[in-house]
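Comments concern the structure below.
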Amino acid sequence: MRPADLIRFKQSGQIITMLTAWDALSAAMVQAAGADLVLVGDSLAMVVLGHATTLPVTLEQMLQHTQAVCRGLSGPLERQPLVVCDLPFLSYQCGEEQAVAAAGTLLKNSGAAAVKLEGAEPEIVQVIDRLVRMGIPVMGHLGLTPQAVHRLGYRRQAEDPRSQDTLLRQAATLEANGCFALVLEHVPAQLASRVRQALRIPVIGIGAGDDCDGQVRVSADLLGLTPLQPPFSPALIPGRQLLVEALQGWVAAQRQPAGSPTSAPPPPAPDC
Ligand code: KIV
């Protein structure tokens, strides 16, 4: 599958699914789950690297994680989910040259086929235009954009009519400048629905209601592994608790005195 093929999903009404992965183990699980796209999101800065925001993750770290994700995928390339990698903070905000070098580095040295970047300010739109013209597919990201946390916080975006009109205009600009899909994060459902209807490219929502062309989730949130669960992405299972209990069981079993009734029976003696 190529990034541009996603438009066919939208046209045929097939819901697009995208899940994050951060290493070979999680990528193999996401592929086994049947997701269409794997996102190496910069949320890994918080989920995996323990940072308080997504800002500190570097291009080198994103590359290393993307390479691990690609190694975790199996089977013929055309049957694998499409890998999209987030451009980290400051890898594309300082101008087109740097952005092409950063995105090119990711695509050249991993199996990722596209990059995602946040925002639609005029400078960002210029960067997107340049990347697309250089053959680098770009997924846009509007609404709650975590790299702008110090300006926007983590609250729901575009609540009033004026900011909704702005977001609609920005979404149209991203499409006009060549984005092949758009992530809409934590915005009112009726706005996401309007954007979906206005655009030809697929709108992939998270905390944006059901009327989107696709949905994306941070896998660690769905699996109940993250300490701070976003309100718009509830856990499917209490994963952290289940895993801790399994490990506690193992630790406790090791501490049982040998031969005690609860310790494992010895293996049968081999036949001679
Ligand atoms: O970094 C990430 O995981 C993301 C998703 C929340 C869409 O951008």
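Just so you know, ligand 1 is whichever comes first in the structure, and atom 1 is the first atom listed for that ligand. Side-chain atoms are counted along with the backbone in the values below, which use heavy atoms only and exclude waters and symmetry mates.
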With Met139, the side-chain contact (heavy atoms from CB on, under 4.5 Å) member among Leu174, Ile204, Leu182, Asp86: Ile204

Starting from atom 8 (O) of ligand 1, find the nearest protein heavy-atom neighbour and note its residue, name and distance. Lys116 NZ, 2.8 Å

Ion pair present between Arg133 and Asp129, side-chain N to carboxylate O less than 4.0 angstrom? yes

Applying salt bridge (Lys or Arg N to Asp or Glu O under 4.0 Å), run through Asp165 and Arg194 and close with a yes or a no. CA-CA 10 Å; Asp165 286 347; Arg194 281 172 71 198; 3.8 Å; yes

Only heavy atoms of Gly41, strictly under 4.0 Å: list the atoms of ligand 1 that pass. 1 (O), 2 (C), 3 (O)

With atoms numbered from 1 as shown, which atoms in ligand 1 lie under 4.0 angstrom from a non-hydrogen atom of His141? 8 (O)

Under a 4.0 angstrom heavy-atom cut-off, which atoms of ligand 1 come close to Val218? 3 (O), 6 (C)

So if I count the atoms of ligand 1 from 1 in the order they appear, which ones are less than 4.0 Å from some heavy atom of Ser43? 1 (O), 2 (C), 3 (O)

Show me which atoms of ligand 1 lie under 4.0 Å from any heavy atom of Thr20. 3 (O)

Measure Thr54 to ligand 1 on non-hydrogen atoms and call it side chain, backbone, both or neither using the 4.0 Å cut-off. neither

N/O of Asp42 under 3.5 Å from N/O of ligand 1, yes or no? yes

As an exercise, state the distance from CD1 of Ile124 to NE2 of His141, rounded to the nearest 0.5 Å. 12.5 Å

Asp160 atom CG: more than 12 heavy-atom contacts under 6.0 Å: yes

Please work out whether any backbone atom (N, CA, C, O) or any side-chain heavy atom from C-beta onward of Asp86 is under 4.0 Å from ligand 1, and answer side chain, backbone, both or neither. side chain

Decide salt bridge (Lys or Arg N to Asp or Glu O under 4.0 Å) for Glu185 and Lys116; before the verdict, give the C-alpha distance in whole Å, the side-chain angles of both, and the deciding distance to 0.1 Å. CA-CA 13 Å; Glu185 181 168 355; Lys116 176 165 79 60; over 6 Å; no

Please state which protein non-hydrogen atom is closest to atom 4 (C) of ligand 1 and give its distance, to 0.1 Å? Leu39 CD2, 3.7 Å

Report yes or no: do Gln64 and Glu60 form a side-chain donor-acceptor pair below 3.5 Å? no

